[in-house]
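Along the sequence shown, residues are numbered consecutively beginning with 1. Reckoned from all heavy atoms, side chains included, excluding hydrogens, waters and symmetry mates.
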Amino acid sequence: QVQLVESGGGLVQVGGSLRLSCAASGRSFSANAMGWFRQAPGKEREFVAAINWNGARTYYADSVKGRFTISRDNAKNTVSLQMNSLKPEDTAGYYCAARLGMTYTYDARSYDYWGQGTQVTVSS
């Protein structure tokens with residue numbers, strides 16, 4: 001089992017920044033690829049970013065490329081999402097996910113554990 005707890009969400013103005021964190025506990029964190037997804041009201045959950053087991057490879061949705069950065073600290077069992085130049089369309093619940101495999105994917109069905117989410121609201 002892997003438990004994931006997100007933090008860092010909140011209300012921010014357009015163009016602002018937020019840093020989301022996901023703390024993992026349970027089985028070996030360093031063996032898992034990790035991802036961030038988001039879901040806005042009335043919309044399906046969508047991929048945001050992913051990182052492989054050692055942080056050497058990252059992958060981003062086109063909508064956030066160049067603005068968001070995913071990183072991980074295996075010594076602290078955390079994965080983070082730095083979000084800059086935020087836009088109103090970034091408003092959503094953001095979810096951390098863990099995959100029982102070392103390689104990342106954008107497919108939510110490939111992730112085995114999910115956090116409860118943290119809300120990000122970008123006001124214009």
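The list of salt bridge (Lys or Arg N to Asp or Glu O under 4.0 Å) pairs with a residue in residues 69-84, not counting sequence neighbours, is empty. Counting only residues at least two apart or on different chains, the ring pair (Phe, Tyr, Trp, His ring centres under 6.0 Å) pairs with a member in residues 76-107 are Y59-Y104. Annotation: disulfide (SG to SG under 2.5 Å) contacts involving residues 13-117, sequence neighbours excluded, comprise C22-C96.
In this view, Y111 and F37 satisfy the ring-ring contact (aromatic ring centres under 6.0 Å, His included) rule, not counting sequence neighbours. Residues meeting the salt bridge (charged side-chain N to carboxylate O under 4.0 Å, His left out) test with K43, sequence neighbours left out: none.
Considering only heavy atoms from C-beta on, V2 comes within 4.5 Å of N32 through its side chain. Two residues are said to be in side-chain contact when any heavy atoms from C-beta on lie closer than 4.5 Å; I51 and W36 fail this criterion. N52 places none of its side-chain heavy atoms less than 4.5 Å from the side chain of M34. Between R38 and T91 the shortest side-chain heavy-atom distance does not fall below 4.5 Å. Contact annotation: the side chain of T103 never approaches that of W53 to less than 4.5 Å [non-hydrogen atoms, C-beta and beyond]. Within the 4.5 Å cutoff, side-chain heavy atoms of V120 are placed close to those of M83.
Within a 6.0 Å sphere centred on CD of E89, heavy atoms belonging to other residues, nucleotides or ligands number more than 12.
Contact check on D62 versus K65 returns a salt bridge, with a Lys/Arg side-chain nitrogen under 4.0 Å from an Asp/Glu carboxylate oxygen.
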Extract all donor-acceptor atom pairs below 3.5 Å that involve side chains of residues 13-21 and protein atoms in other chains or at least two apart in sequence.
from: S17; atom 1: OG; to: N84; atom 2: OD1; distance (Å): 2.9
from: R19; atom 1: NH1; to: Q82; atom 2: OE1; distance (Å): 3.2

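W114 and L100 fall into different hydrophobic clusters, where Ile, Leu, Val, Met, Phe, Trp and Tyr residues are linked whenever their side-chain heavy atoms come under 4.5 Å apart, directly or through other members.
The OG atom of S25 lies 4.0 Å from the CD atom of Q3; values are rounded to the nearest 0.5 Å. How far CZ of F68 is from OG of S85: 9.0 Å, rounded to the nearest 0.5 Å. One distance of note links CD of Q119 with CD of E6; it measures 12.0 Å at 0.5 Å rounding. Note that OG1 of T121 and CG of L86 are 10.5 Å apart. Values are rounded to the nearest 0.5 Å.
Taking each heavy atom of L81 and A49 in turn, the nearest pair found is CD1-CB, 4.1 Å.
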Criterion side-chain contact (heavy atoms from CB on, under 4.5 Å) on D107 and F47, from CA distance to verdict: CA-CA 7 Å; D107 186 352; F47 169 76; over 6 Å; no
